[in-house]
Amino acid sequence: MTASISAIEELRLELPGLDWITDEGRVTRLSQDFSWFSPVLNRQLKDKRADVAVRPRTEDEIRAVVGACARRGVPITLRGSGTGNYGQTTPLAGGVVLDMTGYNAFLWMQPGVARAQAGIRLGELEKQTKPSGQEMRSMPSTYRSATLGGLFGGGFGGVGSINYGPLGAPGNVLGIRAMTIEPEPQVIELRGAEAMRMHHLWGTNGLVLELEIALAPAHPWLETLVTFDSFADALHFADKLANAPGIVKREIAFFAAPTSDHLAQLAAHLPKGCHTVLSLVAESCEPAMLQLAEAHGGTVSYRRTAAEVQKSNRTLMEFTWNHTTLHALKVDPSLTYLQSGFVPGRHVEQIIEMEQLLGGEVMMHTEFIRNVAGLMTCSGLQLVRFSTEERLAEIIDIHRARGVHINNPHVNIVEDGKAGGPLPPEVIEMKKRFDPMGLLNPGKLRDWPVKAVPAEV
């Protein structure tokens, strides 16, 4: 059930000075993200769209939209740049898409911390912090377009998580400023653990206006690809490099054959059928990294200094995390992917086991990361040769039966995907506090289903 046309018209009449988007094509685009990575979600969501979109630029404009929608019972779906993969920004109940990309100011910076509005793009945020020798602790591969609020609402980890863990690890997000969804919206500052009760919930339990995040010391990063003939040699090199305490690093990714064959833009550096380790290490640590590579039989096929990366404006970061999936889908659109978590201390063993069980059908891609307890492990973003939804479910069950955690990227309900079960009571209380009418992204939380909007307002 979509919001009544009269309600939408009344919104625009009440707030004529806002940047309303009514063109059907643009509204459709703003109602979508990268959920087409999943053939399951693509089937379920391809016809879903909002009735209208709006791009506010000030807090007062945001407050005006929220209050007007709340008075009419019109659903609101928040979005940044739509770089997520779960249909987070796809409205199931029509209504208004609130595009936050116009609310994008960098506010301030201190040693180790910065604060910005939710719509700022992450690449722009780092442009502000780099002159002071600081950078983001966790940077998604979509950093050029992804927004800070989108990262908080739908992101997990990224480049840098090998040091600082996922975004949700204590100390990475220090505070947020959020708005309630009600006729007279309230703005509330949340700090520490309380702020994290809105993290990775797809904008379903509060509208985040500003975020205060911890920063990391910046280094001149050397970007390399090291290729191997042996799966085991490549994996063990990646693990040794990840665990080497004296080697400063920002990113380590492992691509088993034939994953590397799907990175067409890097084909000149990746012999067909090779296993590959992609890394960003501090330039001063290059000799130690090369020593490890040689000990494991690796060959450096690509090397770029930080200055060369900056000059070319091309970085290997855009071949990591779920960008790997995007590059692979450009080569073979029939592929899909999984999101998995391996057990710290058993991650190498589990990766080898899953390769033996499903190699060829499931192509290994793992990102080295510290978990919330600080233990080194891997987060998997395996490519899958899709055949049927039934077989995809079997593959997920095979992983889970062997202790590999799956965050199912083929579902559109928070509890079924990343949350992995019922929401904690404190998260439910946050939902009630900030969205008492259940208007935020309805249908994405199991206990807040899509509700019919009154035919007339």
Side-chain angles (χ1 to χ4, degrees), residues 135-141 156-167 169 172 216-217 219-228 230-256 259-260 274-303 315-317 319-324 339-355 364-382 403-405:
E135 63 189 18
M136 289 190 65
R137 286 187 172 186
S138 178
M139 176 75 90
S141 61
F156 166 66
V159 175
S161 289
I162 192 169
N163 299 314
Y164 299 98
L167 190 67
N172 286 335
H219 292 268
W221 299 111
L222 178 78
E223 301 193 357
T224 62
L225 297 171
V226 182
T227 61
F228 298 81
S230 162
F231 178 102
D233 287 344
L235 177 59
H236 284 106
F237 163 68
D239 188 56
K240 291 290 186 183
L241 181 60
N243 283 286
I247 299 179
V248 180
K249 76 271 305 180
R250 196 183 191 193
E251 164 68 17
I252 299 174
F254 166 62
F255 306 129
T259 303
S260 301
C274 73
H275 309 278
T276 307
V277 176
L278 180 158
S279 70
L280 274 68
V281 304
E283 290 181 356
S284 61
C285 296
E286 182 179 14
M289 185 272 291
L290 292 177
Q291 184 178 350
L292 269 180
E294 182 180 2
H296 288 83
T299 300
V300 177
S301 63
Y302 179 99
R303 176 189 181 276
T315 169
L316 290 183
M317 293 197 302
F319 293 87
T320 65
W321 292 84
N322 236 344
H323 242 80
T324 308
Q339 292 184 330
S340 57
F342 296 92
V343 178
R346 292 187 54 212
H347 54 281
V348 170
E349 165 197 334
Q350 287 181 318
I351 290 168
I352 292 173
E353 180 183 19
M354 298 316 300
E355 176 69 12
M364 193 61 68
H365 163 209
T366 62
E367 299 282 345
F368 282 79
I369 181 173
R370 292 194 182 277
N371 68 3
V372 292
L375 302 175
M376 188 64 69
T377 185
C378 285
S379 179
L381 290 156
Q382 302 96 316
V404 179
H405 180 76

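On a predicted model such as this, the values are computed, not experimentally measured, just so you know.
- Without hydrogens or angle criteria, Lys249 side chain to Ile247 main chain gives a donor-acceptor distance under 3.5 Å.
- Between the side chain of Thr377 and the backbone N or O of Phe342, at least one donor-acceptor pair lies under 3.5 Å.
- Atoms CG and OG1, from Leu280 and Thr320 in turn, are 8.5 Å apart once rounded to the nearest 0.5 Å.
- When all heavy atoms are compared, the tightest approach of Ser138 to Ser161 is OG-OG, 3.3 Å.
- Remark: the Thr227 side chain and the Thr299 side chain contain no N/O donor-acceptor pair separated by less than 3.5 Å.
- Side-chain atoms of Ser279 do not come within 3.5 Å of backbone N or O of Val281 as any donor-acceptor pair.
- Remark: aromatic rings of Phe254 and Phe228 are distant, center separation not under 6.0 Å.
- One distance of note links CZ of Phe156 with OG of Ser379; it measures 4.5 Å at 0.5 Å rounding.
- Considering all non-hydrogen atoms of both residues, Glu135 and Pro217 come closest at OE2-O, 3.7 Å.
- Minimum interatomic distance between Ala244 and Leu292 (heavy atoms only, all atoms of both residues): CB-CD1, 4.5 Å.
- Between Asp233 and His296 the shortest heavy-atom distance is CB-O, 3.4 Å.
- Between the side chains of Asp239 and His347, a donor-acceptor pair is found at a separation under 3.5 Å.
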Cut-off 3.5 Å, no hydrogens considered: what does the side-chain donor-acceptor table look like for residues 364-376, sequence neighbours left out?
from   : atom 1 : to     : atom 2 : distance (Å)
His365 : ND1    : Leu381 : O      : 3.2
His365 : NE2    : Glu367 : OE2    : 2.8
Glu367 : OE1    : Trp321 : NE1    : 3.2
Glu367 : OE2    : Trp321 : N      : 2.7
Arg370 : NE     : Ile162 : O      : 3.3
Arg370 : NH1    : Gly374 : O      : 3.0
Asn371 : OD1    : Ala373 : N      : 2.9
Asn371 : OD1    : Gly374 : N      : 3.0
Asn371 : OD1    : Leu375 : N      : 2.8

**OP:** Decide yes or no on side-chain contact (heavy atoms from CB on, under 4.5 Å) for Met136 and Val159, but give the supporting numbers first.
**Re:** CA-CA 9 Å; Met136 289 190 65; Val159 175; over 6 Å; no
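- Counting only heavy atoms from C-beta outward, the side chains of Val226 and Ser301 never approach each other to under 4.5 Å.
- Once rounded to the nearest 0.5 Å, the distance linking CD of Glu251 with CG of Leu278 reads 6.0 Å.
- Summarising the geometry, atom CZ belonging to Phe231 is positioned 5.5 Å from atom CG belonging to Leu235; distances are rounded to the nearest 0.5 Å.
- Taking CH2 of Trp221 as the start and CE of Met317 as the end, the distance is 10.5 Å to the nearest 0.5 Å.
- At least one donor-acceptor pair under 3.5 Å links the side chain of Asn172 to the backbone N or O of Pro166.
- Proximity of Val300 to Leu225: side-chain heavy atoms (C-beta onward) are nowhere separated by under 4.5 Å.
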**OP:** Take Gln339 and Asn322, measure what side-chain contact (heavy atoms from CB on, under 4.5 Å) needs, and give me the verdict at the end.
**Re:** CA-CA 9 Å; Gln339 292 184 330; Asn322 236 344; 3.7 Å; yes
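- Judged purely by distance below 3.5 Å, without hydrogens or angles, the side chains of Gln382 and Ser340 pair a donor atom with an acceptor atom.
- The CZ atom of Arg250 lies 9.5 Å from the CD atom of Glu223; values are rounded to the nearest 0.5 Å.
- Counting only residues at least two apart or on different chains, the salt bridge (Lys or Arg N to Asp or Glu O under 4.0 Å) pairs with a member in residues 283-297 are Glu286-Arg303.
- Between Cys378 and Ile351, the closest heavy-atom pair is SG-CD1, 3.9 Å.
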